[in-house]
There are 2 protein chains.
Amino acid sequence: MLLDALQRSEPSNEPYLEASTTGRAHETHSLERLLQAWPLQRRRVCAKQYVFRAGQARHALYLVHAGFFKTAVVSEDGREKITGFRMRGDLLGLDALDMPTYACDVMALDTGELWELPYARLRDELPQFQERVTALLASEIRRDWSWMLTLGTLGADQRVVTFLFDLASRLEQLGFSPNRLQLRMTRAELGNFLSLTLETVTRVLSRLQARGLIGVAGREICIKDRNGLQTVLRDNTAYH
Amino acid sequence: MLLDALQRSEPSNEPYLEASTTGRAHETHSLERLLQAWPLQRRRVCAKQYVFRAGQARHALYLVHAGFFKTAVVSEDGREKITGFRMRGDLLGLDALDMPTYACDVMALDTGELWELPYARLRDELPQFQERVTALLASEIRRDWSWMLTLGTLGADQRVVTFLFDLASRLEQLGFSPNRLQLRMTRAELGNFLSLTLETVTRVLSRLQARGLIGVAGREICIKDRNGLQTVLRDNTAYH
DNA sequence: CGGTCATTTGATAGACATCAACGTAAGTGG
DNA sequence: CCACTTACGTTGATGTCTATCAAATGACCG
């Protein structure tokens, strides 16, 4: 139950414009609707380009309008950890709201468009905005906790499957097909997010494909047997 | 740099009332000062007692005034993950601000006192409160990310050392000695938080003690050689 | 003082990391 | 248009960290 509310991670965007079974314009888009009357600064970014980096002066909040992004934290000694993948409707920079500088790196994984939100003005002039921001902050915490649970208690296969389900669910929310996933990150990035090596990610995907549960063609993955994948989650619950 | 701002996890409370070198009344206590004029409902809890559990109707926010607590999420199939240890100055229930029910379990690890904060009223009547809550939410996210980094990229020894440093730092902020740590959680709980087994935690502590870096007597741990411990962190940076 | 729970330590095994090649795709420049 | 380069992905062999299993000791409590 908690899980349903929490799980999240990944995106794929412009292709696959099929109709979703559940309709469009979900929670994710509510911020966009809220901001329709505002003249927002837009910013285009290309793949591998940083939106901002930890330590830079915080100018604004960014609302993802298109494209895929990764957020990451880095330690002094260079260890990096991808904390999430962001897509349309996600807000970037929230985690530094109380700071003068950004607290994480955000990199575009493909070309995308961002809307620059002037936080202070929106907060003061748009009453629902503050509330929305609070909700987004809280849900980010729950999402993080959910991933901590996943990474801390599940084995490699189950982590990957959890990721695939989460990505599929997010895509579906945006109106895309939940069965054809276009990964925008490398195996290494996926592995980093899941606390696995890139080789392990590859092996898991191959394994799942061999069992007929998914189809893998590079970064294009299709989900063939949802129940089978659910079984993977239920079965060998490694650890603890 | 990021790390310093982020790391956090653990507490120990009433004993060790030594003077801290850095003075008192830090950021952590600012909420208490802010609330001095308010008549707050207080609640006493005993060890092993739940403050609230995930799914229960959300009544209020709780400010920890005394005692130690653990927050945990649980999946449908019973996997549990401790997401943090909370002490004086921490706010409980923040992660569910936008929900009708709590999103995690909170259990007292010893006797403690909580102050019940009526969120809606405080938000409306105390302007600085909203701001404070936002800051706390954001810093919880950064803290979570920092632990994700630690758990995802460091080996067992380094996780435990990171934990000890974090705990020591938090204790110092509260005015206690940063060198004598009274753990309030079992090895199993510590292991759960660090994504290790209780046996591994025990072994690491024994190992560090054998090297003369710390002293271990059950749940009482004293830090003997900070530099030596720093070395552990620098050295064998396992993984990736 | 028996009984439960927490901690410690040892022996063993397994899952995943590491190391090493090789295959594939895409982009560059001659 | 095709070597050449570079980045990414796949697969295999091997190693190791830490989980698992097991047992003994100690602490606390009714």
*Between F193(A) and F85(A), is a ring-ring contact (aromatic ring centres under 6.0 Å, His included) present by the stated rule, with each step listed?*
CA-CA 9 Å; F193(A) 178 67; F85(A) 297 101; 5.3 Å; yes
_T101(A) side chain to R58(A) backbone, donor-acceptor under 3.5 Å_ = no
*asked:* Would the base of dG10(C) count as contacting R203(B) through its side chain, where contact means a donor and an acceptor less than 3.5 Å apart?
replied: yes
_Within the 4.0 Å heavy-atom criterion, would you say T202(B) contacts the bases, only the backbone, or no part of the nucleic acid?_
base
*May I ask you to say what L205(A) touches in the nucleic acid, namely base, sugar-phosphate or nothing, with a heavy-atom cut-off under 4.0 Å?*
nothing
*CG of L196(B) versus C1' of dT7(C): gap in Å, rounded?*
16 Å
*Could you give the CZ-to-P distance, from R219(A) to dT10(D), as a whole number of Å?*
10 Å
*What's the closest nucleotide to the R187(A) side chain, out of dT18(D), dT9(C), dT10(D)?*
dT10(D)
*Nearest whole angstrom, please: distance from the C1' of dT10(D) to the CG of L190(A).*
15 Å
*Establish whether the base of dC21(D) is bridged to the side chain of E199(B) by a donor-acceptor pair shorter than 3.5 Å.*
yes
*Base dT8(C) paired with R207(B) side chain (donor-acceptor, <3.5 Å)*: no
*CG of L151(B) versus C1' of dA19(D): gap in Å, rounded?*
16 Å
*Any chance you could lay out the side-chain hydrogen bond (donor to acceptor under 3.5 Å, both in side chains) test for S177(B) and N179(B), step after step, and finish with the verdict?*
CA-CA 5 Å; S177(B) 162; N179(B) 293 321; 4.8 Å; no
*Rounded to the Å, how far apart are M185(A) CE and dA7(D) P?*
20 Å
